[in-house]
Amino acid sequence: MAPELLNLLLVRGDRVGRIVEVEAYGGERDPASHAFRGPTPRAAIMFGEVGRLYVYRSYGVHWCANVVAHGDEGAGAVLIRAVEPVAGLAAMWPARPAARREVDLASGPGKLCAALGISADDLGADLLGPASTVRLLDDGMAPPNEPTVGPRVGISVATEVPWRFSVPGSPHRSRPW
DNA sequence: ATAGAGATTGCCT
DNA sequence: GGCAATCTCTATA
């Protein structure tokens, strides 16, 4: 379902971004996944109710946002890797002091959390709940028929698994393919 | 208790 | 292109 998230809107307060790049992580059989070692305290949410927000700290510096997604059993999550700023840009600029161009505002998993203001406060938010701090919205733009597919980024194991998806040609993606 | 690694970013050369 | 920043989790003792 990771590519199905492409072109959906990620909303926090008055800041809105359109998802242009995602990366899927599996359960206990995916050595690159936080769920690989079972439902540990951090990873337990990946084994729970789908459609919730999983936020974790990356390199002690950044927050990363995931959508919990899996079948009837098992575990998994989809990392949001990049969004295109759609609304609330005025609040995004001061949250991203290093960004000088609009395309750099949210073109990475840590960047988009900073731009939208997503942090541990939002951990576990029901992304489809109308009252949640962080929400996923469908404004009618369908996901791309043929998303760009490639290997996952920043991991040292199972790098051959082609579970990175993006909107073809979007200038807001995190890294060149 | 403690050590090592990490789904990244931005500044430096 | 190299590398530091800095927190959390997990494994080992």
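Quantities reported herein were computed from a predicted structural model and do not represent experimental measurements. Naming convention: chains lettered A, B, ... in sequence-line order (proteins, then strands); numbering from 1 in each chain.
Between A/Ala106 and A/Ala115 the shortest heavy-atom distance is CB-CB, 4.3 Å. Considering all non-hydrogen atoms of both residues, A/Pro94 and A/Pro97 come closest at O-CD, 3.6 Å.
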Pairs under 3.5 Å (N/O, protein and nucleotides 7-9 of chain C):
| from | atom 1 | to | atom 2 | distance (Å) |
| --- | --- | --- | --- | --- |
| C/dC7 | O4' | A/Gly60 | O | 3.2 |
| C/dC7 | O2 | A/Gly60 | N | 3.4 |

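Criterion: ILVMFWY side-chain heavy atoms under 4.5 Å apart, direct or through other members. Under it, A/Ile155 and A/Trp63 are part of a common hydrophobic cluster.
With a heavy-atom cut-off of 4.0 Å to chain A, the contacted part of DNA chain B has its first and last nucleotide at B/dG6 to B/dG10.
Summarising the local packing, CG of A/Asp138 is surrounded by more than 12 heavy atoms from other residues, nucleotides or ligands at distances under 6.0 Å.
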### Query
DNA chain C in dot-bracket, Watson-Crick or G-U pairs under 3.5 Å, [ ] crossing, | other strand?
|||||.||||||.

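Evaluated for a side chain to side chain donor-acceptor pair (under 3.5 Å) with A/Glu21, the options A/Ser170, A/Ser107, A/Ser174 yield exactly one hit, A/Ser174.
The structure places CZ of A/Arg100 at 10.5 Å from CH2 of A/Trp93, a figure rounded to the nearest 0.5 Å. If you take CG on A/Leu137 and CZ on A/Arg18, they are separated by 10.5 Å, rounding to the nearest 0.5 Å. Here the straight-line distance linking atom CG of A/Leu112 with atom CG of A/Leu10 works out to 6.5 Å at 0.5 Å rounding.
Salt-bridge check for A/Arg152 with A/Asp30: passed, with a basic side-chain N closer than 4.0 Å to an acidic carboxylate O. A salt bridge is absent between A/Asp104 and A/Arg96; no separation between the charged side-chain nitrogens and carboxylate oxygens falls under 4.0 Å.
For the segment residues 16-37 of chain A, residues with any heavy atom less than 4.0 angstrom from an atom of DNA chain B are, sorted by number, A/Tyr25, A/Ala32, A/His34. At a non-hydrogen distance threshold of 4.0 Å, nothing from residues 95-119 of chain A comes into contact with DNA chain C. A heavy atom closer than 4.0 Å to some atom of DNA chain B occurs in A/Arg81, these being the qualifying members of residues 81-90 of chain A.
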### Message
Test side chain to side chain contact (heavy atoms under 4.5 Å, CB included) on A/Met46 and A/His34; report intermediate values, then the result.
### Response
CA-CA 8 Å; A/Met46 291 178 68; A/His34 290 167; 3.9 Å; yes

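A/Thr133 and A/Asp122 share a donor-acceptor pair across their side chains, judged by distance under 3.5 Å alone.
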